[in-house]
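Each ligand, and each atom within it, is numbered from 1 in the order the structure gives. No experiment lies behind these values; they were computed from the predicted model shown. Because only heavy atoms are used, hydrogens play no part in the values below, and waters and symmetry mates are left out as well, while side chains stay in.
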Amino acid sequence: MQNIVLFGPPGAGKGTQSQKLIAQYHLVHLSTGDLLRAQITEGTTLGLKAKKLMDEGLLVPDEVVIGMIGDALGKNQQAAGFIFDGFPRTVAQAASLDQLLAEHNTQVACMIALEVDEQELVKRLLERGKTSGRPDDQDESKIRRRVTIYNTETAQVAGYYAAQHKFHALNGIGDIDGIFAQICTLIDQHKPAQAEAPVAAIREVKA
Ligand code: AMP
């Protein structure tokens with residue numbers, strides 16, 4: 001499996017680049033924002049609780065998003081790998097992701113951060129808000145709150161992966177295809193040396 005964490009503040013281009021990466025590497029895209037919005041659309045209790053926080057630009061509790069990622073990993077055991085988008089957003093989430101992946105006999109290959117300054121992020125998100133319908137994209141104070149939370153809580157996650165020598169940062173401003181090419185170069189450098197055996201195969205050998 002090849003598991004990539006795509007990192008960066010809201011509006012950095014993670015969603016756009018994820019779509020291109022899915023086509024190139026056939027990985028399963030796991031965006032906790034998308035998973036939460038699906039819960040809101042379905043009108044679940046979890047979705048209703050999360051909506052209040054999301055609309056204000058605040059983080060949803062760790063255990064909620066960790067639980068969703070755990071479920072998604074369980075449902076996609078045959079995947080070639082995952083692109084994590086918008087997760088992990090706290091150090092506790094990063095530690096849980098390591099643990100969950102270890103249970104599936106795999107690990108994070110690398111984290112790639114897209115760096116974009118606040119002025120550009122606000123511009124991009126207000127523009128996206130005209131069509132996304134997302135309340136958190138339509139109000140400048142909420143956008144700035146999301147960026148502040150990224151800078152205070154989420155940015156620490158970069159250090160977590162840097163300590164594992166897995167962190168890389170790229171300039172997220174510029175030509176989309178040019179940024180994509182740089183991401184691909186990094187991913188190719190982090191290809192697992194040899195294919196990790198699927199969990200089922202390991203069990204078979206032990207039996
Ligand atoms: P996103 O689509 O990644 O911009 O996420 C939208 C909103 O969903 C965020 O502002 C948070 O309220 C919530 N959210 C998404 N992912 C996470 C996460 N990993 N941890 C906590 N909250 C999250």
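Scanning the protein for heavy atoms near atom 8 (O) of ligand 1, the closest one is M54 CE, 3.4 Å. Protein heavy atom closest to atom 22 (N) of ligand 1, with residue, atom name and distance, is V60 N, 3.0 Å. R89 NH2, 3.8 Å is the protein heavy atom nearest to atom 9 (C) of ligand 1.
Of the candidates D62, D55, I40, L58, L58 brings a heavy atom nearest to atom 12 (O) of ligand 1. Between the choices I149, L36, T90, T32, the shortest heavy-atom distance to atom 14 (N) of ligand 1 belongs to L36.
Ligand 1 has no N or O atom lying under 3.5 Å from any N or O atom of S31, backbone or side chain.
Heavy atoms of R146 found under 4.0 angstrom from ligand 1 belong exclusively to the side chain. Here L59 has heavy atoms under 4.0 Å from ligand 1 in both its backbone and its side chain. Only the side chain of R134 comes within 4.0 Å of ligand 1, judged by heavy-atom distances. For D34, no heavy-atom contact with ligand 1 is shorter than 4.0 Å.
Residue G86 has at least one heavy-atom neighbour below 4.0 Å for each of these atoms of ligand 1: 16 (N), 17 (C), 18 (C), 19 (N). Contact atoms of ligand 1 toward Q93: 18 (C), 19 (N), 20 (N), 21 (C) (distance under 4.0 Å to a heavy atom of the residue). Short contacts between ligand 1 and G33, defined as distances under 4.0 Å to a heavy atom of the residue, involve ligand atoms 2 (O), 5 (O), 15 (C), 16 (N). If you number the atoms of ligand 1 from 1 as listed, the ones under 4.0 Å from a heavy atom of V65 come out as 17 (C), 18 (C), 20 (N).
Within 6.0 Å of the CD1 atom in I173, the count of heavy atoms belonging to other residues, nucleotides or ligands exceeds 12.
Residue M111 forms a side chain to side chain contact (heavy atoms under 4.5 Å, CB included) with just one option from I4, L186, V157, and that option is V157. The side-chain hydrogen bond (donor to acceptor under 3.5 Å, both in side chains) with D137 is formed by just one residue from the set K142, R128, R124, K130; it is R128.
Ring centroid separation for the pair F7 and Y150 comes in under the 6.0 Å cut-off.
Side-chain polar atoms of N171 and E115 form no donor-acceptor pair below 3.5 angstrom. Between K49 and Q39, the side chains place no donor N or O within less than 3.5 Å of an acceptor N or O (distance only, hydrogens not considered). One side chain, T106 or N3, offers a donor N or O that lies under 3.5 Å from an acceptor on the other. For the residue pair N151 / E118, no side-chain donor-acceptor distance below 3.5 Å is found, with atom types taken as modelled.
Closest non-hydrogen pair, I143 versus D136, comes out as CG1-O, 3.5 Å.
Look at R37 and you'll find a heavy atom under 4.0 Å from some atom of ligand 1.
For the pair K166 and Y161, the cation-pi test (distance below 6.0 Å, angle within 45°) is failed.
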